[in-house]
Amino acid sequence: MPVKCSSCDAQRAALRRPKTGHSVCKECFFHAFEEEVHHTIVSAKLFQPGEKVGIGASGGKDSTVLAHVLKVLNERYHYGLELILISVDEGISGYRDDSLETVKRNQQQYELPLKIVSYQELYGWTMDQIVKTVGLKNNCTFCGVFRRQALDRGAMMLGVNKICTGHNADDIAETVLMNFLRGDIARLRRCTAITTGSEGAIPRCKPLKYAYEKEIVLYAYFKKLDYFSTECIYSPNAYRGHARAFLKDLEALRPSAIMDIIHSGENLSVKEDVRMPVQGTCTRCGYISSQGLCKACVLLEGLNRGLPKLGIGKHHKLHHKLLAQEPLSEAETRKLKVVDF
């Protein structure tokens, strides 16, 4: 016997929500998903009328659903926002060039302006070139640092007030697990915050913070949204992949594990005597940093000097030499040139 929708009790159920376990029809699912995102936005006071909001657009399911839902809610509830798509071209042949075509189609479909910034333009390097230099073991470190700063730079060019990213509940739960395993108290303390960067950078917010990845896929599928589904060709060895696999195992046993981990991170308390990094600005590029040189500048310095490991691991003792433009010793240079491919 067909299962009726548990919300309207009129239509036949089309899916079972991974987040709640309720069997619902497509229309009720769309409404519930959009209203939950709206509740997140309103309860966290993410936006103010008249703000210019940049949406980080990669062409993937998360950013595509984010752009679609924000446009729908902006019109439905009269947020009064000016929405702009911002994309970063990392320079990954066969991956990013294809996904950017999806973003360009989204621009036409949603009738939103689009700004694309590239690693080549900002740093003089593409990710393909970086991987050839550093190998596949630490390439995600370079990409993550450069991408974050590139998105901020693109937003600054456009004069946006806030940046929205498509981070979902699964992403945040994975980050909590990663920071816990690394013992990174500073990041563990702030990784569940729905808005970050209020200390100087352009604020970033996560409207999909409580949306399950599976529900985002279902929303995109049933709405027939145009998105790019191929994983990055350089990401199989990423540390996040191990946290993701562990989280999926937990979710299979207990679907609420994702929200449980997020709430644990939100309610985490740190002893007052624990030293936390003090935010300052990079002396070279002016970007926010807790060191004299920001991570991007250190990584870029290493690439340009032929010392790819300069920004990997704990090499803070060498920062003063970089700031003073002092030459490194032969032993230091030899150590920083060794790369594990």
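We use all heavy atoms of the structure for the numbers below, so side chains are in, but hydrogens, waters and symmetry mates are not.
A donor-acceptor pair is defined here as one N or O able to donate and one able to accept, closer than 3.5 Å; no such pair exists between the side chain of Q120 and the backbone of G91. T192 contributes no side-chain N or O that, together with a main-chain N or O of I262, makes up a donor-acceptor pair within less than 3.5 Å. For the pair N161 (side chain) and K52 (backbone), a donor-acceptor distance under 3.5 Å is present. Distance alone, capped at 3.5 Å, places no donor-acceptor pair between the E215 side chain and the Y212 backbone. Checked by atom type and distance alone, the side chain of R105 never pairs as donor or acceptor with a backbone atom of Y227 at under 3.5 Å. Under a 3.5 Å cut-off, the side chain of S23 and the backbone N or O of S6 do not form any donor-acceptor pair.
The structure places NE2 of H167 at 6.5 Å from OG1 of T175, a figure rounded to the nearest 0.5 Å. From L158, atom CG reaches atom CG of L114 across 9.5 Å, with rounding to the nearest 0.5 Å.
Between the side chains of D128 and Y234, at least one donor-acceptor pair of N or O atoms lies under 3.5 Å.
The residues D171 and K206 are annotated as not salt-bridged, no charged nitrogen and carboxylate oxygen being separated by less than 4.0 angstrom. Using a 4.0 Å cut-off between charged side-chain N and carboxylate O, E75 and K71 make a salt bridge. Ion pairing between K214 and D170 fails under the 4.0 Å rule for side-chain N and carboxylate O. Using a cutoff of 4.0 Å between basic side-chain nitrogens and carboxylate oxygens, E36 and R17 are scored as salt-bridged. Classification of R153 and E121 as a salt-bridged pair fails, no side-chain N sitting under 4.0 Å from a carboxylate O.
Note: F146 and Y123 have parallel aromatic rings, judged against thresholds of 30 and 60 degrees for the angle between ring planes. Ring orientation note: the planes of Y77 and Y79 are close to parallel, at an angle under 30° on the 30°/60° scale.
Both cation-pi conditions hold for K223 and F30: the charged atom is under 6.0 angstrom from the six-membered ring centre and inside a 45 degree cone around its axis.
Closest approach of T165 and P207 over heavy atoms only: O-CD, 3.9 Å. Pairing each heavy atom of V103 with each of G59, the nearest pair is CG2-N, 3.4 Å. Listed here is the closest heavy atom pair of A44 and I194: CB-CG2, 3.9 Å.
Each of I116, V117, L100, L122 was scored for a side-chain contact (heavy atoms from CB on, under 4.5 Å) with V88, with one residue passing: V117.
The number of heavy-atom neighbours closer than 6.0 Å to CZ of R76, taken from other residues, nucleotides and ligands shown, is above 12. Crowding of K26 atom NZ: a count of heavy atoms from other residues, nucleotides or ligands under 6.0 Å not exceeding 12.
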